[in-house]
Number of protein chains: 4
Amino acid sequence: MDDIEIDEVAAPELDDPVLIEGLPGVGHVGKLAAEHLLEEFDGELVRRVYTTEFPPQVDVDGDGVAELTCAEFHAVETDGADLLVLTGDHQAGSNKGHYTLTTTFLDVAEEFGATRAYALGGVPTGELVEKYTVLGAVSDGDLVEELADAAVEFRPDEPAGGIVGVSGLVLGLGERRGFDAACLMGETSGYLVDPKSARAVLEVLEEVLDFAVDYESLEDRAEEMEEVVGKIREMQDGPAVPDDDLRYIG
Amino acid sequence: MDDIEIDEVAAPELDDPVLIEGLPGVGHVGKLAAEHLLEEFDGELVRRVYTTEFPPQVDVDGDGVAELTCAEFHAVETDGADLLVLTGDHQAGSNKGHYTLTTTFLDVAEEFGATRAYALGGVPTGELVEKYTVLGAVSDGDLVEELADAAVEFRPDEPAGGIVGVSGLVLGLGERRGFDAACLMGETSGYLVDPKSARAVLEVLEEVLDFAVDYESLEDRAEEMEEVVGKIREMQDGPAVPDDDLRYIG
Amino acid sequence: MDDIEIDEVAAPELDDPVLIEGLPGVGHVGKLAAEHLLEEFDGELVRRVYTTEFPPQVDVDGDGVAELTCAEFHAVETDGADLLVLTGDHQAGSNKGHYTLTTTFLDVAEEFGATRAYALGGVPTGELVEKYTVLGAVSDGDLVEELADAAVEFRPDEPAGGIVGVSGLVLGLGERRGFDAACLMGETSGYLVDPKSARAVLEVLEEVLDFAVDYESLEDRAEEMEEVVGKIREMQDGPAVPDDDLRYIG
Amino acid sequence: MDDIEIDEVAAPELDDPVLIEGLPGVGHVGKLAAEHLLEEFDGELVRRVYTTEFPPQVDVDGDGVAELTCAEFHAVETDGADLLVLTGDHQAGSNKGHYTLTTTFLDVAEEFGATRAYALGGVPTGELVEKYTVLGAVSDGDLVEELADAAVEFRPDEPAGGIVGVSGLVLGLGERRGFDAACLMGETSGYLVDPKSARAVLEVLEEVLDFAVDYESLEDRAEEMEEVVGKIREMQDGPAVPDDDLRYIG
């Protein structure tokens with residue numbers, strides 16, 4: 001196998017599509033958001049990207065059939081912009097692999113005519129989030145205004161540790177080849193899969209790309225997560241019965 | 001040395017041979033199973049595969065002679081199908097190495113005319129196993145029925161973490177070049193070398209490849225392992241003398 | 001992206017410039033010293049070096065604009081020698097990467113006509129430093145005298161573990177291609193960012209390269225660090241009130 | 001820099017020289033033994049081998065001059081066989097690097113006409129060694145007898161974990177290109193640098209290669225180590241004064 005192999009699954013004509021990257025990361029915010037777009041808009045699989053940078057792994061589907069792990073591009077038509085949505089289960093396995101792989105991802109996006117890219121992700125706050133702010137970073141200062149209008153916050157020199165992984169390179173390498181690229185980072189505790197943060201990120205996309213999406217299934221997942229959080233708290237704190245009552249019983 | 005070097009030791013004519021992969025993994029199930037086939041059927045060494053992906057290591061034999069670590073293919077003639085059995089002491093040392101090495105293994109298998117492959121392994125249950133179920137995954141849905149008839153279980157989306165290493169890629173890369181490939185995973189605790197799980201896996205192979213094999217030596221190893229387990233339990237629990245007796249002495 | 005990409009930002013004529021390397025390391029001594037030179041002398045950015053050896057990362061500036069992580073060369077004109085100052089946020093990510101990257105750095109320096117190099121860094125003492133000695137190592141014995149005259153100490157076989165990273169290779173690879181190279185290592189505790197040690201290193205450079213630099217901003221940072229150290233001590237020891245007083249209150 | 005660079009320092013004519021490998025390993029037995037040969041016989045440096053597999057490091061000598069880390073070949077004329085002694089401070093940094101580097105080492109040895117090789121090392125026993133046995137392994141069964149006559153022990157399938165690193169590959173790769181290669185492993189606790197074990201290994205070499213060497217300096221190092229061991233024991237056990245005496249004083 002070559003270091004990277006691309007399966008061309010379909011070749012639909014897209015109208016100035018926008019690359020949306022949602023690989024795994026903090027709180028799985030980007031991945032949840034990208035997968036939600038695929039579910040809601042019935043995305044069409046157009047490319048599979050296999051690479052020796054991914055773990056040597058197959059995933060088994062509901063019928064017991066194994067699929068070699070890969071990243072996938074789906075074409076998505078919304079009522080607004082056309083999207084080219086990149087999802088998968090892995091980042092690259094090495095520094096160099098991240099550069100090589102992101103270069104490939106941008107090659108594919110260019111092939112479909114994309115000149116804009118949004119890298120979706122989470123930014124950890126270390127505490128439970130009450131208000132789901134979306135933090136932004138851009139490849140070019142001209143892109144700030146539109147995003148700020150969509151309630152994206154720009155904080156000088158944040159996130160402090162920079163943006164790492166494919167999301168960071170979509171900006172860094174994208175800028176070097178002329179993409180207008182932005183990273184949208186939903187605030188999230190960093191401890192849990194966070195569908196609410198994914199929704200906050202998608203609401204920004206809705207505004208800047210002029211489409212509308214339903215959030216029911218994402219809300220369901222958010223409720224499941226809150227039940228999980230509730231159970232964890234219960235286990236830590238004991239049952240939610242006040243001490244006084246217990247004494248009274250005794 | 002090249003990254004991969006293949007020594008051609010023998011070139012027997014094989015009749016539609018089936019690749020059987022048994023490299024080290026969970027419970028050494030695959031390795032035990034494959035080595036048992038070699039012992040029982042007097043396999044003929046046909047290829048040695050050396051690679052810089054293996055540790056820089058020689059193993060010393062009974063006469064003090066050192067052998068560079070390698071993977072080996074043996075040709076095995078059974079009363080049923082001809083087998084091409086792949087064994088060794090190591091998996092690859094990197095993600096990319098797993099892809100490269102499995103590609104080489106499939107090249108060798110093709111050279112001998114193989115179009116079918118069984119990757120043997122174990123799947124950890126985390127507890128001592130009473131009933132030795134064999135879990136299956138396939139490169140193509142058409143292969144499910146025959147294996148299900150041989151009591152292989154197919155559970156949707158299991159194993160949850162996918163199948164990693166050479167076994168996973170025998171399916172994933174095998175499928176991409178036209179192999180009919182299946183992975184047979186014997187349930188095993190994951191804590192111990194497990195000859196009983198290896199037997200369960202071999203019994204599936206016997207049925208689908210129409211051969212018969214004796215299990216005496218594997219049973220001997222299973223008994224040795226049970227003695228080990230017994231001793232571990234004793235050390236944890238104290239001697240197996242009932243408390244009553246002790247009181248009586250006291 | 002290639003493994004290394006160099007952006008040529010400017011091409012000023014420099015007069016026998018001296019390479020000054022100040023990448024991150026012990027106490028950030030080299031990095032602080034090199035960055036102080038850039039601040040004080042208004043260095044002109046001449047080259048950006050991108051490499052797949054760096055983490056896949058962008059850093060976000062004060063306006064929310066992301067920049068792909070890189071190393072930078074600035075041309076600096078002092079009242080003495082012309083300098084070519086190398087700074088950045090990362091060392092290479094692998095053994096081989098250090099060799100490749102330092103080779104590139106020396107290529108760039110040669111391109112500007114440099115034949116001399118100073119690698120700046122810190123050497124850890126494991127305890128708070130009272131007197132900021134600068135330890136030296138050279139690519140050629142002829143370079144010892146001048147540095148010893150500038151109060152650099154040469155201690156046989158020290159530092160005991162050798163000099164690792166880009167600084168070490170500026171000497172080791174530099175020597176192999178004809179550079180007169182020296183490493184100036186400021187003693188530092190190893191636990192904290194150390195602006196005082198950086199000043200000690202710069203004072204050596206001032207003497208051997210015949211320039212003068214102001215230290216006010218570095219002194220400010222040193223004072224900030226001392227406040228930090230003071231707070232740490234307070235937290236460890238409790239408030240700096242004598243025990244007697246406490247008894248008196250009691 | 002290339003992945004491997006060889007400096008040709010001298011080209012003496014050697015008479016059927018024997019490669020002696022003594023890189024760092026268990027108890028530094030091989031390294032001590034090889035370096036002792038260089039000291040006692042005034043070896044002539046013939047090759048330096050630089051590689052990106054070594055750490056990016058320079059070592060500083062007694063005059064403050066830095067040398068890029070490398071492996072060195074010295075030609076040594078004894079009253080018996082001519083030797084080509086390989087020493088250095090590092091093994092390779094990766095699996096593949098071990099293979100590449102050992103290939104280079106054997107290339108150099110062949111260039112000087114060597115067809116025999118002894119890889120020197122230690123084998124850990126886990127306890128303080130009373131009798132310094134030397135364990136052997138060979139590339140060819142024909143080599144056993146001569147070594148057994150020199151008191152080398154051959155134990156079936158030992159060492160259990162095989163022989164790893166450059167020593168292992170001198171046998172494994174050496175065999176594949178026609179070298180008569182043996183590994184001589186001095187038993188050693190594994191916890192300490194062990195000059196006595198190095199002497200045991202050298203005494204085997206003396207016998208099979210028909211030379212004589214003085215051990216005074218190695219004995220001095222052995223005595224130093226025993227003082228260290230004595231001090232460690234004292235620290236663990238308290239002073240070696242019997243309790244009775246202490247009571248008497250009290």
Side-chain angles (χ1 to χ4, degrees), chain A residues 23 25 53 91-107 117 119 121 123 135-145 147-148 152-177 179-185, chain C residues 1-10 23-24 28 31 35 38-39 45 47-73 87-105 165-166 193 221 224 228:
Chain A
L23 293 175
E53 280 292 323
Q91 299 260 345
S94 70
N95 280 1
K96 184 175 171 178
H98 276 94
Y99 285 88
T100 316
L101 202 52
T102 308
T103 298
T104 298
F105 291 154
L106 293 172
D107 287 346
V123 60
L135 193 64
V138 291
S139 63
D140 188 305
D142 292 347
L143 303 170
V144 168
E145 190 179 341
L147 289 168
V152 174
E153 280 196 23
F154 287 85
R155 298 184 197 138
D157 309 313
E158 287 202 24
I163 305 168
V164 287
V166 171
S167 286
L169 293 188
V170 163
L171 265 77
L173 295 179
E175 187 272 339
R176 285 175 67 73
R177 46 201 281 179
F179 273 80
D180 281 343
C183 188
L184 302 176
M185 293 160 280
Chain C
M1 194 175 125
D2 293 333
D3 286 357
I4 293 183
E5 287 190 4
I6 303 175
D7 278 10
E8 307 200 354
V9 182
L23 294 176
H28 275 215
K31 185 172 156 72
E35 288 178 349
L38 297 187
E39 275 175 39
L45 178 65
R47 292 286 184 279
R48 282 199 194 93
V49 179
Y50 300 95
T51 171
T52 58
E53 279 292 323
F54 287 154
Q57 182 177 332
V58 291
D59 301 303
V60 180
D61 72 12
D63 301 319
V65 177
E67 299 283 345
L68 186 56
T69 203
C70 64
E72 295 183 336
F73 284 88
T87 55
D89 288 328
H90 304 283
Q91 299 260 345
S94 69
N95 280 1
K96 183 174 172 179
H98 276 94
Y99 285 88
T100 316
L101 202 52
T102 307
T103 298
T104 298
F105 292 154
V166 171
V193 168
R221 291 199 65 169
E224 284 167 30
V228 170

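The chains referred to below are lettered A, B, ... by the order of the sequence lines, with proteins before strands, and numbering in each begins at 1.
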Do other residues, nucleotides or ligands put more than 12 heavy atoms under 6.0 Å from the CZ atom of A:Arg155?
-> yes
Where is the tightest heavy-atom contact between A:Leu171 and C:Ala66, given as atom of each residue plus distance?
-> CD2-CB, 3.3 Å
Which atoms of A:Glu175 come close to chain C, meaning under 4.5 Å heavy atom to heavy atom: side chain ones, backbone ones, both, or neither?
-> neither
Quick one: CE on C:Met1 to CZ on A:Arg176, what's the gap to the nearest 0.5 Å?
-> 6.5 Å
Who wins among C:Asp59, C:Asp61, C:Asp63 for the most heavy-atom pairs under 4.5 Å with chain A?
-> C:Asp61
Taking atom NZ of A:Lys96 as the centre, report whether more than 12 heavy atoms of other residues, nucleotides or ligands fall under 6.0 Å from it.
-> no
If you count heavy-atom pairs under 4.5 Å with chain A, which of C:Asp3, C:Val58, C:Leu68 comes out on top?
-> C:Val58
Nearest non-hydrogen partners of C:Pro56 and A:Leu169, listed with the distance | CB-CD1, 3.6 Å
Under the side-chain contact (heavy atoms from CB on, under 4.5 Å) criterion, do C:Val60 and A:Ile163 qualify, and how do the steps go?
-> CA-CA 8 Å; C:Val60 180; A:Ile163 305 168; 4.0 Å; yes
Please name all residues satisfying side chain to side chain donor-acceptor pair (under 3.5 Å) with C:Glu72, sequence neighbours left out, ordered by chain then number.
-> none
Checked A:Thr103, A:Val164, A:Asp157 vs chain C; the most non-hydrogen pairs under 4.5 Å come from A:Asp157
Take atom CD of A:Glu145 as the centre, draw a 6.0 Å sphere, and report whether it contains more than 12 heavy atoms from other residues, nucleotides or ligands.
-> no
Measuring heavy-atom distances to chain A, does C:Ser94 have an atom under 4.5 Å in its side chain, in its backbone, in both, or in neither?
-> neither
When rounded to the nearest 0.5 angstrom, what is the spacing between OG in A:Ser167 and CD in C:Gln57?
-> 13.0 Å
Check side chain to side chain donor-acceptor pair (under 3.5 Å) between A:Gln91 and all other residues, then give those that pass, not counting sequence neighbours.
-> A:His98
What option among A:Leu173, A:Val138, A:Leu143, A:Leu106 has the most heavy-atom pairs under 4.5 Å with chain C?
-> A:Val138
Nearest 0.5 Å, what's the OH-CG distance between A:Tyr99 and C:Asp2?
-> 13.0 Å
Ranked by heavy-atom pairs below 4.5 Å to chain C, first place among A:Gly165, A:Ser139, A:Ala160, A:Gly141 goes to A:Gly165
Could you look at A:Arg177 and say if it's the side chain, the backbone, both or neither that has a heavy atom under 4.5 Å from chain C?
-> neither
Chain A heavy atoms under 4.5 Å from C:Asp7: which part of the residue, side chain, backbone, both or neither?
-> side chain
Toward chain A, the part of C:Tyr50 with a non-hydrogen atom under 4.5 Å = side chain
Between A:Gly161, A:Pro156, A:Cys183, A:Ala181, which shows the greatest number of heavy-atom pairs under 4.5 Å with chain C?
-> A:Pro156
Where does C:Glu53 contact chain A at under 4.5 Å (heavy atoms): side chain, backbone, both or neither?
-> backbone
